[in-house]
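Counting starts at 1 for both ligands and their atoms, in listed order. Just so it is clear, the model here is predicted, and its values are computed rather than measured.
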Amino acid sequence: MVPKLRAVLGLQFAGALQSAYRNLSEDLAQCNTSGGLACDLGCVEHEKVLEESFEPWWDHQMPWRTLLHICELQRQRGSAQAFLGAIHEKRVFFTCCSQSSDQCEASALLQGLTDVEVLLGLVAELAQVVLQDTVFLFNTGDQPLTDRAYWSPVPQFHWVRSGGHWTVPLPNPFQLKAHAKNLLGDSEGNQGNLVPWGEKIPKLFWRGALSAPDLFALEDIGTLPRVRLMKLAKENQDLFDVGITNVDREMYRIAGRSRVQALVQQLGGTVKHEKSQQQMPRYRYLINVAAVLSSWRLVEMLATGSLLLLQEGADHELILEWLTPWEHFVPVSQGLSDLVPTLRWLEAHPDLAERIAAQGFRRFKERVRRQDTWCYLWQAFRAMADSHTPPEPAALAALTAEPGWREVPAEKLRKLKRHRRRILHKNGLRVATVRESDWKALEDQKEKRRHLRSMLSALGDVLERLVFSSSATVYRPCEEPIDEQRPLGCTNPYGWTKFMIEQILRDFVVANPSFSMSILRYFNPVGAHPSGRIGENPHGPPNNLMPFVQQVAVGRREALSVFGSDYSTHDGTGVRDYIHVDDLAEGHICALQKLFTMDGGCITHNLGSGTGYSVLDMVKAFEEACGKKIPYKMVDRRPGDLGTVVANPGKAKADFDWQTKRGLQEMCNSAWKWQSNNPYGYEEGGKD
Ligand SMILES: O=c1ccn([C@@H]2O[C@H](COP(=O)(O)OP(=O)(O)O[C@H]3O[C@H](CO)[C@H](O)[C@H](O)[C@H]3O)[C@@H](O)[C@H]2O)c(=O)[nH]1
């Protein structure tokens, strides 16, 4: 079989994939200059897992028909759960690689949509915008479809990455479901399932099925990790709460039903255990234990805020690529020999255990987001398309018209979209009270860009100079003092709006070379006009620190919530570069004067002081200004916040001799003067 297949493959040197990766890194690096899809999608990282998965193909390209061949071989074999898919002219088609289409139906996941339909739906949505024509193979079963000895080299998509198989891991069904329901880490709906660490049961929880591998010998039953786990649990009941949910048919076949039942009983379990997945958040420790079939509950486990213990060397899911051992989870050996000592050690070091759990949960909130699913799928498909010789459009049209091929039904797609919209809308409203809703901001983004374009085309002939108020939030997260050369890349839609407007303005200057443009990136403006008559008047509860502190001082709000007290800063709270609004105003005058000396071009400057103050420094300084105590409480970090954000303002000093003149106390005094004169801002009648 292998030589035959190799002949079919007809490998040829190309190296195109490697260049695709180079391009991706460049895309991300150039978010500041040329934008591009990686930036638009909000990708934050180059996906190493894809690089590794496709690495063997860097020097080769496969004829795309190879995948057809594999699908056909699977069909002959009869047991596969695999689909062949094709993207053609932005439409997504698929066919089942098994004798009966029943075997392709994965379990219903979301209001009658199967996990495969959810996945194909996402691919179809992405195809509308970006994916090029290609073919791909999905393995949607539990088991890896092929092994490398048998099938020769062909990368395929699978829910888990399996040792010894050339698989490209996909976001697993639970991640897809969470994506479709808007319950990933960036959702406000996901708050660690709200069982505080101190109230979690100090035991390890696990539930799952028993299964046995092919050619399994009965006397080896004690070596199966899940059997071993049950044994450990029986011997250490103070540490474990575990249960078997099911026994795989193969295991019954090998060992006989009564012997398996006796074994389970001996292990202290019953075959149909009552433990449910919903119990997970109540326990302090969770474990993923490999079996014959893949385990893929990691997304759900991570969303609980409990501490994960993960078996080394087992098959693993995509999100494991985004986690670091001892930082986000605790590794245990494949044979579980160190599990009990590890648990006892963690119980003896509760602060460390809690910290790792919190870091894992934070990683989930910050890295397992909707855009991460999009970015990953896009990158995976791009790499896949680049690893094949491109299909001819006519050949793809003919292929997808063959019997057995179907298009992703529009009706299902609509259902998926409707579902997502409904959830998003609901969350959008709720999130809006905490921080500006992503989705509202995305709408705003389009509007702002549209207005800017029409403004520029209307004023382009009469204007010669423009100063644009941008923001430090356009920089890619960075804790060093930030100069203007630092890479750009935003973490929120507000930032992207500024980023895109900057880009439009830069392009405008290229098209109009005599135009002079200044882009000013503000750090954290605070304070008010010294008259006390002009100040910041946020609508609704303030999102920013100082307006909130000011409203606490005048009694409009009870207490400040300090977001995070465990940053590596001098007192653990976030450090920012606060700048007095009058210094900011002077920065504009200096920039404008500079523009008058120019004959066109675009200049970009930071407006910051170069000095960082923590949240508690700000509170203390404001207490001095207002002569009152500002009540505050420490709460969790705000997702997306960094520990330290401070400017390097050297360029503005060098280019137009600007630097801040006003210090912290002046910022707080002026802010207090404004707020105490106008406790309810510009509103009449003293109401919020
Ligand atoms: O109620 C609050 C509000 C904020 N903070 C903390 O105070 C610091 C400052 O937060 P802000 O929301 O005031 O400001 P950011 O640094 O998050 O963002 C601000 O500065 C950015 C540039 O750095 C952008 O310009 C952005 O629009 C602007 O809001 C952070 O450590 C934040 O965690 C609190 O502890 N409690």
Where does [X] meet ligand 1, judged by heavy-atom distances below 4.0 Å: at the side chain, the backbone, both, or neither?
X    : result
L560 : side chain
Y567 : neither
P542 : neither
V615 : side chain
N524 : side chain
L545 : both

Using the salt bridge (charged side-chain N to carboxylate O under 4.0 Å, His left out) criterion, which residues pair with D655? Sequence neighbours excluded.
none
R367 meets the salt bridge (charged side-chain N to carboxylate O under 4.0 Å, His left out) criterion, sequence neighbours left out, with E45, E47, D372
Does ligand 1 have an atom under 4.0 Å from some heavy atom of Y632?
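Judged by the 4.0 Å heavy-atom criterion, Y632 does not count as contacting ligand 1.
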Close-contact set for ligand 1 against [X] heavy atoms, below 4.0 Å:
X    : result
Y578 : 8 (C), 9 (C)
N543 : 3 (C), 12 (O)
T473 : 22 (C), 24 (C)
V562 : 35 (O)
S471 : 22 (C), 24 (C), 25 (O)

Under 3.5 Å side-chain donor-acceptor pair for [X] and [Y]:
X    : Y    : answer
Y578 : D617 : no
S670 : H580 : yes
S306 : K200 : yes
S470 : E502 : yes

Less than 4.0 Å between a side-chain N and a carboxylate O, is that true for D657 and K653?
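Judged by the 4.0 Å cut-off on N to carboxylate O distance, K653 and D657 do form a salt bridge.
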Are the charged groups of R284 and E354 less than 4.0 angstrom apart, N to O?
no
Pick, from F563, Y522, Y475, F548, the option with the minimum heavy-atom distance to atom 2 (C) of ligand 1.
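Nearest heavy atom to atom 2 (C) of ligand 1 lies in F563.
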Are the aromatic ring centres of H588 and Y522 under 6.0 angstrom apart?
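Centroid distance H588-Y522: below 6.0 Å, so yes.
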